[in-house]
There are 2 protein chains.
Amino acid sequence: MDENRDRPTGQHRATIREVALAAEVSTGTVSRVAAGSPRISEATRQRVLKAMKELSYQPNAAARAMRTNVSRTVGLLIPDLTCPIFSRVAAGAEPVLSAAGYMLFTYSSNRNAAREIDFLNAARQRQMDGMIVSVSGEGGAEMIEGLRGVGSPMVVLDRELPLDTDSVFNEHYQAMRTAVEHLIAFGHRRIGLICATEKIRPGRERCRAYRDAMGASGLPLDPWLIRATGQGHDYGHAEAQSLMLTRGAPTALISAGSDTFCGTLRALRSLGLSIPEDVSLVGADDIEIGPVAGPAITMIERDMFEAGRLAARFLLDRLEGVDGPARRLILDSRVVMRQSVAAPGSGVSGSHLRHGTG
Amino acid sequence: MDENRDRPTGQHRATIREVALAAEVSTGTVSRVAAGSPRISEATRQRVLKAMKELSYQPNAAARAMRTNVSRTVGLLIPDLTCPIFSRVAAGAEPVLSAAGYMLFTYSSNRNAAREIDFLNAARQRQMDGMIVSVSGEGGAEMIEGLRGVGSPMVVLDRELPLDTDSVFNEHYQAMRTAVEHLIAFGHRRIGLICATEKIRPGRERCRAYRDAMGASGLPLDPWLIRATGQGHDYGHAEAQSLMLTRGAPTALISAGSDTFCGTLRALRSLGLSIPEDVSLVGADDIEIGPVAGPAITMIERDMFEAGRLAARFLLDRLEGVDGPARRLILDSRVVMRQSVAAPGSGVSGSHLRHGTG
DNA sequence: CTGTTAGCGCATTCAT
DNA sequence: ATGAATGCGCTAACAG
């Protein structure tokens, strides 16, 4: 129980040279032992190991990275850590990478393009061996340039970018068509859509599916009902409010995007609208909320843990030298039916007041 | 030509020497320009800047870190990225650190002590300048040793550890007392508690508050009603089921811990118990779910963004050389009343069937 | 103001 | 099987 605490902060870190000195060998030998080289006699190996332990030697990663150009580190860039969709990607990727001896460091840009570029530069500067990237936008020459400059293997998540990298996509089109057609089957003709901007793949796919589904059923397209400009809780709240507080309000709403959906749900509640009597609702992504909301919400769901796992596997392949053209993988989504969809007009017609015994 | 060395997919990265050559200056001058030194003539500065841009020069962080022992990097260790409580810490800390020129890298251990130690070692090896640490347990000599070994400033979140570091705590005791007393005021005498193990501060504080509140009201303590052994969705689900599926079932439940609460909520719903008629419920932490659940749930809430911000500020102080004894700060919690608490026995007595029109 | 020089800690090649 | 020597790219101390 001897506590060698010479200094309150900044204890001395043993270098390879000190270990060599203590073990009475050369630094080269220590290095070989640390690397697990077989060309070392058992005797000296033990001696070195002992010295390392006594000095609690930890190789300096910076020096090693500089010498070898390898850091056994992978970076994950996501727009928003607090959004379940993205945190699940991290949680899915981490065990895969960890098992292969890589540390995964996650960076959240808070949807700030400048910070995304900062991160890409930092990753390059810190010689991260690989990257999993979920950028918030698809535009921006500087962004593309930054991504091109990364120089190490990279996997892109659910974005269409002019890059020659492996990608993992989510299926959005079929799921959204199913959702819209489901509502139409219940008799809805005016369906509001709240989702991300068409400037990024998820928004683009979802809007396209919405339009196709409406068209296929011969229903008119009212552009006023399509809200595809933003994301987040407040966005979902504001758009839902705007849609529902009007004469021509839709009888059903699809709010796609995890925080967006949550905002929409709160807006409907605070307006005193009951689901599905006053308005039917289909949500997306926030799988924790769907089943416990009042009532349970029909949702478009996707397995983002799996997306993270697959992205990590793609990356590991490249890290281990697998060559070949860029791979693209599309991960399925599904619609989980619950109690938030019903025929239109089952509530007190023309009124936004909650009905029933409440 | 060993231009590309061992880099897997490496494009060539310009070094400071190449920039010096192109700008016809010495490497020292380039270094000074990069560092923004004022002792440089405008002419050469421009020349160097131009060369840097043309070669798209990015300083090698590993080399720089090795030379200076500074990486302008901060590590955040959390038990589980997908848990809103922790991801909010990251989201709160990041802007503060970012504004001060530090990059925040988040590592999620998935509540695995071995990975936590791995991270601490990695952080040390990679010369992270500081750490914000939320370890899953409070025990473990190896863990403590690992934390002691981090030689750089550190802020600990809501854990009592035998360390001399700044800490940010959450207030749990008062909030829990308020919650219990609230239930007692409604007439509840058998109140179930589901929370984290008493081996860590949050569980310890909450259990203590529960016992004190019950005792202060002269109510008997039934140890069977206290479930303090785990955490997570499944744990909250299982314990709620176990508690409610018995003759002596409690009339009210407090489920503290974000995923835990969510599991409890699902369990109650799947049992067909209606809240608050069959059982009153107080949740915690998952502020997204509380207001939109059916019915809206009374919750113990705390601002983890603020915890992250404060931890980051503490750390920045130390990074900027502020000296002095370890600081401890306790962040308030509050109980937000909603519709999930009522007098006991307002449901169909002796039955677990949902009542009402559904 | 700017060039020169000397390492930082490590992995590696070339000797032995 | 092991030691000696050589930079990796960069910053900082010291000269001019």
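The chains referred to below are lettered A, B, ... by the order of the sequence lines, with proteins before strands, and numbering in each begins at 1.
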**Message:** Please classify the nucleic acid contact of V30(A) as base, sugar-phosphate, or nothing, using heavy-atom distances under 4.0 Å.
**Reply:** nothing

Roughly how many Å is it from [atom1] in [X] to [atom2] in [N], rounded to a whole number?
{"X": "M66(A)", "N": "dC10(C)", "atom1": "CE", "atom2": "P", "value": "11 Å"}
{"X": "N69(B)", "N": "dG9(C)", "atom1": "CG", "atom2": "C1'", "value": "10 Å"}
{"X": "R32(B)", "N": "dT2(C)", "atom1": "CZ", "atom2": "C1'", "value": "6 Å"}
{"X": "R67(B)", "N": "dT5(C)", "atom1": "CZ", "atom2": "C1'", "value": "11 Å"}
{"X": "Q127(B)", "N": "dG9(C)", "atom1": "CD", "atom2": "C1'", "value": "9 Å"}
{"X": "N60(A)", "N": "dG7(C)", "atom1": "CG", "atom2": "P", "value": "18 Å"}
{"X": "Y57(B)", "N": "dG9(D)", "atom1": "OH", "atom2": "C1'", "value": "7 Å"}
{"X": "R126(B)", "N": "dC10(C)", "atom1": "CZ", "atom2": "C1'", "value": "15 Å"}

**Item:** Side-chain donor/acceptor of D129(B) to backbone N/O of V70(B), under 3.5 Å
**Value:** no

**Asked** Given that S26(A) and T15(B) both sit by DNA chain D, which one's nearest nucleotide is further toward the 5' end?
**Response** S26(A)

**Asked** Which residue lies toward the 5' end of DNA chain D, A35(B) or E24(A), if each is placed at its nearest nucleotide?
**Response** E24(A)

**Message:** Reading DNA chain C from 5' onward, which residue's closest nucleotide shows up sooner: T29(A) or R17(A)?
**Reply:** R17(A)

**Complete:** Assert: residue with more 5' nearest nucleotide on DNA chain C, out of R39(B) and T27(A), is R39(B)

**Message:** More than 12 heavy atoms of other residues, nucleotides or ligands under 6.0 Å from CZ of R327(A): yes or no?
**Reply:** yes

**Item:** Atom CD of E24(A): over 12 foreign heavy atoms under 6.0 Å
**Value:** no

**Asked** With respect to the side chain of S31(B), which nucleotide from dC10(D), dT11(D), dG3(D) is positioned closest?
**Response** dT11(D)

**Request:** Could you please name the option among dC10(D), dG9(C), dT2(C) that lies closest to any side-chain atom of S41(B)?
**Result:** dT2(C)

**Message:** Under a 3.5 Å cutoff, is there a donor and acceptor pairing between the side chains of S108(A) and E94(B)?
**Reply:** no

**Request:** For V96(A) and L316(A), work out which heavy atoms get closest and say how close.
**Result:** CG1-CD1, 3.7 Å

